[in-house]
Amino acid sequence: MFLTLLTGFVLVPVYVMVSSSLKPLADVTGRFRWLPSGLTVRPYIDIWSTVPLAKYFVNSLVVAGAATVCSVVIAVFAAYAVSRYAFHGKRVFTVTVLSTQMFPGILFLLPLFLLYVNIGNATGIALFGSRGGLILTYLTFSLPFSIWMLIGYFDSVPRDLDEAALVDGCGPLGALFRVVVPAAIPGIVAVAVYAFMTAWGEVLFASVMTNDTTRTLAVGLQGYSTQNDVYWNQIMAASLVVSVPVVAGFLLLQRYLVAGLTAGAVK
């Protein structure tokens, strides 16, 4: 009974979104009907011309993809160093990485904004309003969690594998890429999915750190609401379209994600 209610609680909003995206605007703004009187795919065609959705899609794909790659690469090296080597300040580093997750993102918004503006004025490097600046911004909150989770996963990989690789003639980097990384694929995939989903749907920083050229999907969807009209059917259609990459990626990588999160939580 509880599972039935929970399933209905999850599926009813999805049904409302799908049915509303297939209705003419007049039907959506009127009284809601569970069974549409008529269906049309016109909203899925109009979403690309009402706002420059394709440009926003490309911006989100570039920013989320670059932030994911950078998070994974940096987190692999940092987590491997913490997991396998003893060095001065190791405990301080791990505590600092974990403590960054305690603070809400709004605390970093104004400092990052001022920092980017001052860097641009001093050096001419345009971080504010650029894709590069937004990628760096997303790294500030995706990278600490990625490092922390990969530390736990690398700890679960037996050190005997590293020693065997070193005996066979591999250096530290060879042991990392030939032995540890293949054994830690579930954890790495979990980190990649987390970083991508976080960057793909982020609104707060994207609404401040972007302009008309670099605007992402999460902010661009506001363009369907104007002073005169709110295109609810197009909003629903666009929301479904932009959710496809995340949902498809999650379904394809679900088993790796579950395995990676479970191992990281245990350790």
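Counting only distance, with no hydrogens or angles, the side chain of Thr123 and the backbone of Ile119 share a donor-acceptor pair below 3.5 Å. With hydrogens and angles disregarded, a donor-acceptor distance shorter than 3.5 Å links the side chain of Tyr224 to the backbone of Ile47. Here the side chain of Gln234 pairs no donor or acceptor atom with the backbone of Ala238 at under 3.5 angstrom. Between the side chain of Ser71 and the backbone N or O of Ala67 there is at least one donor-acceptor pair closer than 3.5 Å. No side-chain donor-acceptor contact under 3.5 Å links Arg84 to the backbone of Leu176. Remark: side-chain polar atoms of Thr210 are not paired, donor with acceptor, to backbone N or O of Ser207 under 3.5 angstrom. In this structure, Thr68 contributes its side chain and Phe196 its backbone to a donor-acceptor pair below 3.5 Å. For the pair Thr214 (side chain) and Asn211 (backbone), a donor-acceptor distance under 3.5 Å is present.
Across Ile235 and Ser239, no two heavy atoms sit closer than the pair O-OG, 2.7 Å. Nearest heavy atom pair, residue Asn233 against residue Leu25, reads ND2-N, 3.4 Å. Minimum heavy-atom separation, Tyr44 to Ser21: OH-OG, 2.7 Å. Heavy atoms only, all atoms of each residue included: Ser130 and Ala126 are closest at OG-O, 2.8 Å. Between Met149 and Gly187, the shortest heavy-atom distance links the atoms CE-O, 3.9 Å. The two atoms that bring Met209 and Phe113 nearest to each other are CE-N, 3.4 Å, heavy atoms only.
Looking only at atom types and distance, the side chain of Thr137 has a donor-acceptor partner in the side chain of Tyr116 under 3.5 Å away. Side chain to side chain, Arg215 and Asn59 fail the donor-acceptor criterion of an N or O pair below 3.5 Å.
In this structure, Val82 and Lys90 have side chains that are in contact, with non-hydrogen atoms separated by less than 4.5 Å. Side-chain atoms of Ser60 and Val63, non-hydrogen and from C-beta on, never get closer than 4.5 Å to each other. At a threshold of 4.5 Å between non-hydrogen side-chain atoms, the residues Pro24 and Arg42 do not count as touching. Counting heavy atoms from C-beta on, the side chains of Met17 and Val12 never come closer than 4.5 Å.
The aromatic ring centres of Phe177 and Phe77 sit less than 6.0 Å apart. For Phe205 and Phe141, the distance between ring centers is under 6.0 angstrom. Ring centers of Tyr194 and Phe145: under 6.0 Å apart, within the cut-off.
Heavy atoms from other residues, nucleotides or ligands lying under 6.0 Å from CZ of Arg159 number more than 12. At most 12 non-hydrogen atoms from other residues, nucleotides or ligands lie less than 6.0 angstrom from CZ of Phe9.
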side-chain contact (heavy atoms from CB on, under 4.5 Å), that's the test. Do Asp160 and Glu163 meet it? Break it down for me. CA-CA 5 Å; Asp160 295 341; Glu163 297 174 358; 3.8 Å; yes
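Summarising the geometry, atom CG belonging to Asp46 is positioned 12.0 Å from atom CG belonging to Leu53; distances are rounded to the nearest 0.5 Å. Between atom OG1 of residue Thr40 and atom NZ of residue Lys23 there is a gap of 13.0 Å, rounded to the nearest 0.5 Å. Here the CG atom belonging to Leu217 is positioned 13.0 Å from the CD atom belonging to Glu202, to the nearest 0.5 angstrom. Taking CG of Leu139 as the start and CD1 of Ile74 as the end, the distance is 5.5 Å to the nearest 0.5 Å.
Screening Val189, Ile188, Leu150 for a side-chain contact (heavy atoms from CB on, under 4.5 Å) with Val72, the sole residue that qualifies is Ile188. Among the candidates Tyr138, Tyr56, Phe57, the single residue satisfying the ring pair (Phe, Tyr, Trp, His ring centres under 6.0 Å) test with Trp200 is Phe57.
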